[in-house]
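Heads up: the structure comes next, in structure tokens.
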Amino acid sequence: MLMEPLEKRFYSQPTLTLAKALLGCFLIKDTPIGTAAGMIVETEAYMGPDDRAAHSYGGRRTKRTEIMFGEPGVTYTYSMHTHCLFNVVSGEVGEPHAVLVRALEPFEGKELMAKRRPKAKNETQWTNGPGKLTKALGITMDDYGHPLDKSPLWIAKGIDIDPNNIASGARIGIQNSGEAVDYPWRFWIYGNKFVSPKTR
DNA sequence: TCGCCGATTGTCT
DNA sequence: GACAATCGGCGAA
């Protein structure tokens, strides 16, 4: 399959719309030892200033969140415990939104994924969680701040997802975020077995 | 500097 | 179902 990076303007759409539009797209990482790619099957939107669960809540601007205040379509990687999580910066300049990619369906470079995920018991465990997929694709903090239309880490248009097959619900792992806990800003392809295990 | 905490995962009971 | 791993960001001192 011939694939080209999604154009920069693809990322200039409302964050919740983008979070849904990313479902079905391919996330690809090129490295010296090969390429690994997967189809995005689960995302979460983080809506900046008004979202208590977001790192940029209240407009908090630090060295880490700075990248979200810039142009959309850039990577925002974040280290969590021993893991690295991958986000797509959303929202126009000055609007610090981001979309977290929580799960992928393996597509290319499965041998590499198996090698990078030695603890996985089966294929679904390669990429069915935000920390797992970054490990499987080889995404690290080195990818922070790079434009997604011209970097070793990029996104290509994938298959069209029927809106009726997109489910939504509360986000995961943000139980200390007050009223934001219940915002239905998590989206996934209904029935896809690579969606992360639900905790709520 | 110091101390705390987290958008997670894997292991053990 | 509980908890350790393990480290950088963040806020306080």
Side-chain angles (χ1 to χ4, degrees), chain A residues 15-16 18-20 22-23 27 29 36 38 40-70 72 74-91 95-106 113-146 148 153 155 167-188 193-200:
Chain A
T15 301
L16 292 177
L18 178 64
K20 284 181 276 194
L22 283 169
L23 295 174
L27 178 62
K29 175 70 192 271
I40 298 172
V41 299
E42 181 181 2
T43 61
E44 275 181 7
Y46 284 84
M47 308 282 278
D50 303 319
D51 180 1
R52 286 187 60 178
H55 294 151
S56 50
Y57 173 62
R60 192 166 47 138
R61 192 166 188 150
T62 65
K63 188 176 182 183
R64 177 175 67 153
T65 63
E66 181 64 29
I67 199 69
M68 286 193 280
F69 287 83
V74 175
T75 63
Y76 170 47
T77 46
Y78 160 62
S79 69
M80 169 64 179
H81 290 272
T82 59
H83 312 285
C84 178
L85 276 57
F86 167 74
N87 297 249
V88 175
V89 171
S90 177
E95 194 178 31
H97 293 183
V99 176
L100 169 70
V101 175
R102 289 192 58 87
L104 303 175
E105 176 172 330
M113 293 189 194
K115 191 190 231 175
R116 287 164 170 161
R117 297 278 302 125
K119 291 175 181 171
K121 294 187 179 64
N122 55 59
E123 288 195 22
T124 63
Q125 294 182 1
W126 290 347
T127 53
N128 69 343
K132 299 176 191 178
L133 71 89
T134 54
K135 199 91 193 305
L137 264 58
I139 297 171
T140 68
M141 287 304 289
D142 289 341
D143 292 300
Y144 177 93
H146 292 211
L148 283 160
L153 176 61
I155 295 177
S168 63
R171 292 171 294 177
I172 289 176
I174 55 164
Q175 59 280 0
N176 294 319
S177 303
E179 76 285 351
V181 171
D182 300 316
Y183 295 168
W185 292 346
R186 170 171 169 253
F187 305 97
W188 66 97
K193 68 176 181 179
F194 293 93
V195 170
S196 69
K198 297 178 177 61
T199 59
R200 292 171 57 87

Pair pattern of DNA chain C in dot-bracket, where unpaired bases get dots and | marks partners in another strand, Watson-Crick or G-U under 3.5 angstrom: |||||.||||||.
Per-nucleotide protein contact string for nucleotides 3-13 of chain C, where B marks a base within reach and S marks sugar-phosphate only (heavy atoms under 4.0 Å, - for neither): --BB-SSSS--
Flag side-chain contact, heavy atom, 4.5 Å: A:Pro197 against A:Asn128: yes
First encountered from the 5' end of DNA chain B, between A:Asn176 and A:Lys121: A:Asn176
A:Ser90 and A:His97: side chain donor to acceptor below 3.5 Å: no
Between C1' of B:dG10 and CG of A:Asn128, the distance in whole Å: 13 Å
Centroid separation A:His55 to A:Tyr78 less than 6.0 Å: yes
Test item: side-chain donor near acceptor, A:Ser196 and A:Glu42, under 3.5 Å: yes
Side-chain heavy-atom pair A:Leu22, A:Leu27 within 4.5 angstrom cut-off: no
Interatomic distance, A:Arg171 CZ vs B:dT8 C1' [rounded to whole Å]: 17 Å
Presence of A:Asn87 side-chain N/O under 4.0 Å of B:dA7 phosphate oxygens OP1/OP2: no
Interatomic distance where CD belongs to A:Gln125 and P belongs to B:dG10 [whole Å]: 7 Å
Nearest-angstrom distance from the residue atom CD of A:Gln175 to P of B:dG6: 8 Å
Length of the line joining A:Tyr46:OH and B:dG6:C1', which is rounded to integer Å: 12 Å
Distance (rounded to the nearest 0.5 Å) between A:Arg117 CZ and A:Glu123 CD: 12.5 Å
Sugar-phosphate, base or nothing in reach of A:Leu100, heavy atoms under 4.0 Å: base
Cation-pi check, A:Arg61 onto A:Phe69 ring (under 6.0 Å, within 45° of axis): yes
Protein-nucleotide distance (A:Asp182, atom CG; B:dA7, atom C1'), rounded to Å: 16 Å
Touch class at under 4.0 angstrom, heavy-atom based, for A:Arg186 against every strand present: nothing
Nearest-Å distance for atom pair OH/P, residues A:Tyr57 and B:dG6: 16 Å
Length of the line joining A:Phe187:CZ and B:dA7:P, which is rounded to integer Å: 19 Å
Contact check, side chains of A:Thr15 and A:Val99, non-hydrogen atoms, under 4.5 Å: yes
Ion pair check, A:Arg102 and A:Glu44, cut-off under 4.0 Å: yes
